[in-house]
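Source: prediction; values computed, not measured.
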Amino acid sequence: MESGRTTLLKEQQLKDQFDNLEKHTQSGIEFVERYTKFVKERSEIEINYAKQIRNLSKKYQPKKNSKEEEENKYTSCRAFLSTLNELNDYAGQHEVIAENLTSQIITELLRYLTELKAERKSHFHDGRKAQQHIECSWKQLESSKRRFERDCKEADRAQQYFERMDADINVTKADVEKARQQAQMRHQMAADSKSEYSNFLTKFNQEQNEHYYTLIPNIFQKLQEMEERRIERVGVSMKTYAEVDREVLPIVGKCLDGMTKAAESIEPKTDSKQVVESYKSGFEPPGDVEFEDYGPGQSMKRTVSETSLSNSRGEAKERPSGGKSKGKLWPFIKNKNKGSGPEDFSHLPPEQRRKKLQAKIDDLNKDIQKEMDQKDALTKMKGVYEKNPQMGDPASVDPRIVEMAMNIEKLQSEVQKFEGWLAEVEGRLPSKSDPPRRQSGLYETQNSNSSTVANNCAQDRESPDGSYTEEQSSETQVKVAVANTPEFDDEFDDGDEETLPTIGTCKAIYQFEGHNEGTISVTEGELLYVIEEDKGDGWTRVRRNEEEEGYVPTSYVEVFLETNAKGAMTYI
């Protein structure tokens with residue numbers, strides 16, 4: 001009985017150990033799953049970070065045909081563009097991290113978890129099977145033991161009954177014989193039960209010995225090895241996790257080196273020279289102003305200069321008493337009439353116009369070369385078709401070749417047109433060695449009444465509002481200045497500006513919005529008074545009433561000078 005209780009106690013302890021191992025191994029699997037989830041979330045963070053970095057780089061990339069793209073000629077802008085490109089490569093390395101984490105850790109751990117769960121299930125299945133087997137053997141042993149005990153008791157009772165019957169003289173011999181046979185049968189059954197119990201006991205002891213010394217230790221050993229492999233696998237994954245980051249560090253370092261190199265490539269002086277080159281106008285600097293003496297009964301003549309940048313004609317109509325009115329330099333006046341401009345870029349200063357024309361010619365030449373290449377390719381294709389008619393019809397290529405020839409002719413015509421404008425500009429640009437020139441006094445006349453000046457070339461002048469006008473016509477424009485104009489130079493004007501007399505009238509043939517100082521807005525068809533004619537800069541001074549006067553583009557109005565004005569003629 002003591003041996004049986006010991007066996008039951010051991011079985012219970014063994015069952016408890018299996019429960020403990022089952023909980024521990026399940027906890028280990030959950031740890032691997034948690035670590036896998038951690039790596040997966042890190043991978044998602046890397047992907048999202050890379051995506052945000054790429055979007056940031058794309059957001060600040062210069063837009064095509066935009067102001068930002070034009071600014072790429074500056075070293076600082078090119079350095080920023082290089083930084084954006086390096087940042088894009090930097091984002092790519094974070095994508096590499098995400099890919100390697102997924103392929104080298106997440107995928108492998110998920111596959112390993114499947115194998116680990118299957119192996120664990122197999123080991124515990126074997127353990128439970130061994131437990132069930134030994135419990136079954138134990139039950140068989142207990143059953144044979146109880147049967148042996150019962151048979152022994154029955155044999156003892158049958159023996160005692162036989163002995164009583166044999167001692168009783170009143171019992172017949174037949175009854176005694178029957179009791180003896182029953183006692184012998186019970187003793188035989190007890191002997192058989194004893195033999196069976198002995199066999200089951202021997203078998204149980206062998207199985208129990210194998211259970212505790214072979215099967216269970218093997219299962220525990222396999223579980224231990226499984227657990228060690230799991231821990232080792234987690235360690236390898238953690239090491240790979242660090243190596244994935246370390247592998248991209250050299251490339252990340254190169255990206256950062258590229259950003260540093262881009263920053264070091266910035267050249268402030270080069271950028272400032274680019275600004276000068278981009279915006280220099282090509283205008284000739286003004287010359288010296290000649291001295292004009294004052295004579296009794298004679299008015300001072302207003303100085304006329306073709307190259308002066310001072311806005312002497314765009315001054316305000318009203319000035320404080322005794323104050324000075326100083327004109328602004330035209331380059332610093334903001335142009336509110338910005339637009340695409342005419343095809344020949346005549347609204348630009350000469351130097352800028354020359355650059356725009358040259359760039360347009362270069363673009364047209366590229367288009368011509370492209371069309372010529374395509375035409376040559378089609379001509380070769382036509383030759384192949386002529387040699388091998390089965391490949392295609394040669395006549396099917398002719399319309400396209402004709403179309404390209406027409407395109408080339410049209411583009412060449414455009415080039416000639418722009419080259420003509422370019423030659424005109426380059427012929428008008430002042431040489432750096434030319435001395436500054438300035439015209440002072442009145443325009444001289446060929447006779448006492450009038451003078452004619454033929455002007456068949458375009459006139460490029462900078463206007464008070466910052467724009468430029470060019471009038472190109474085969475007709476002769478005759479301009480004269482009114483003698484004895486009652487105007488005084490600003491340097492000697494200590495009082496209010498004297499009102500200029502009317503020298504003619506004009507009619508607005510286009511609408512003009514005068515936004516800048518010195519200009520006046522006019523509507524199409526409006527009649528105005530002319531108080532100062534075009535001095536060669538493309539602007540005419542007009543008056544609407546006693547309070548409103550200013551400059552308008554000469555090409556926007558039709559001028560009629562008074563024939564009785566001294567030295568005046570009507571515009572033809």
Original post:
Is it true that Glu264 and Lys261 have a side-chain N and a carboxylate O under 4.0 angstrom from each other?
Top reply: no

Original post:
Is there a donor in the side chain of Gln358 and an acceptor in the side chain of Asp362, or the other way round, less than 3.5 Å apart?
Top reply: yes

Original post:
Between the main-chain N or O of Ser76 and the side-chain N or O of Asp271, is there a donor-acceptor pair closer than 3.5 Å?
Top reply: yes

**OP:** Take atom NZ of Lys417 as the centre, draw a 6.0 Å sphere, and report whether it contains more than 12 heavy atoms from other residues, nucleotides or ligands.
**Re:** yes

Original post:
Do the non-hydrogen side-chain atoms of Val415 and Asn365 ever get within less than 4.5 Å of each other?
Top reply: yes

**OP:** Over all heavy atoms of both residues, which pair between Arg78 and Lys73 is shortest? Give the atoms and the distance, please.
**Re:** NH1-O, 2.6 Å

Original post:
Taking all atoms of both residues into account, what is the closest heavy-atom pair of Lys40 and Ile106, and its distance?
Top reply: CA-CD1, 3.3 Å

Original post:
What distance do Asn85 atom CG and Ser57 atom OG have between them, rounded to the nearest 0.5 Å?
Top reply: 6.5 Å

Original post:
Is the closest side-chain heavy-atom distance between Glu549 and Leu500 below 4.5 Å?
Top reply: no

**OP:** With the side chain counted from C-beta on, respond yes when Trp421 and Phe345 share a heavy-atom pair under 4.5 Å apart, and no when they do not.
**Re:** no

**OP:** Using a 4.5 Å cut-off on heavy atoms from C-beta on, say whether the side chain of Arg544 contacts that of Val522.
**Re:** yes

Original post:
If you look at every heavy atom in Ala91 and Arg54, which pair is closest and at what distance?
Top reply: CB-CG, 3.7 Å

Original post:
Do Asn545 and Glu548 have side-chain N/O donor and acceptor atoms under 3.5 Å apart?
Top reply: yes

Subject >> Trace of the side chain to side chain contact (heavy atoms under 4.5 Å, CB included) decision for Glu343 with Glu414 >> reply: CA-CA 11 Å; Glu343 183 184 14; Glu414 287 289 310; 3.6 Å; yes

Original post:
If only atom types and distance count, is the side chain of Thr379 paired as donor or acceptor with the main-chain N or O of Lys375 below 3.5 Å?
Top reply: yes

**OP:** Return yes if a side-chain donor-acceptor contact under 3.5 Å exists between Asp373 and Gln369, otherwise no.
**Re:** yes

**OP:** Indicate the atoms forming the closest heavy-atom contact of His94 with Ala50, along with that distance.
**Re:** CB-CB, 4.1 Å

**OP:** Give, for atom OH of Tyr385 and atom NZ of Lys382, the distance between the pair rounded to the nearest 0.5 Å.
**Re:** 12.5 Å

Subject >> Shortest non-hydrogen separation from Tyr241 to Arg42 and the atoms involved >> reply: OH-NH1, 2.6 Å

Subject >> Heavy-atom side-chain contact between Pro553 and Trp539 under 4.5 Å >> reply: yes

**OP:** Look up atom CD in Gln511 and atom CD in Glu526, then write down how far apart they are to the nearest 0.5 Å.
**Re:** 10.0 Å

Subject >> Glu409 atom CD, neighbour heavy-atom count above 12 within 6.0 Å >> reply: no

**OP:** Quick one: pull up NZ in Lys410 and CD1 in Ile368 and give me the separation to the nearest 0.5 Å.
**Re:** 12.5 Å

Original post:
To the nearest 0.5 Å, how far apart are CG in Asn100 and CD in Glu46?
Top reply: 11.0 Å

Original post:
Between Leu378 and Gln374, does a side chain to side chain contact (heavy atoms under 4.5 Å, CB included) hold up when you go through it step by step?
Top reply: CA-CA 6 Å; Leu378 288 175; Gln374 293 181 357; 5.5 Å; no

**OP:** Heavy atoms only: give me the nearest Cys255-Tyr90 pair and the separation to one decimal.
**Re:** SG-N, 3.8 Å

**OP:** Would you confirm whether Ser43, through its side chain, and Thr102, through its main-chain N or O, come within 3.5 Å as a donor-acceptor pair?
**Re:** no

Original post:
About how many Å separate CD of Gln416 and CG of Leu364, when rounded to the nearest 0.5 Å?
Top reply: 11.5 Å

**OP:** Any chance you could lay out the side chain to side chain contact (heavy atoms under 4.5 Å, CB included) test for Thr540 and Tyr556, step after step, and finish with the verdict?
**Re:** CA-CA 10 Å; Thr540 299; Tyr556 279 51; over 6 Å; no

**OP:** Would you please test Val557 and Val542 for side chain to side chain contact (heavy atoms under 4.5 Å, CB included) and show each step?
**Re:** CA-CA 10 Å; Val557 295; Val542 300; 5.7 Å; no

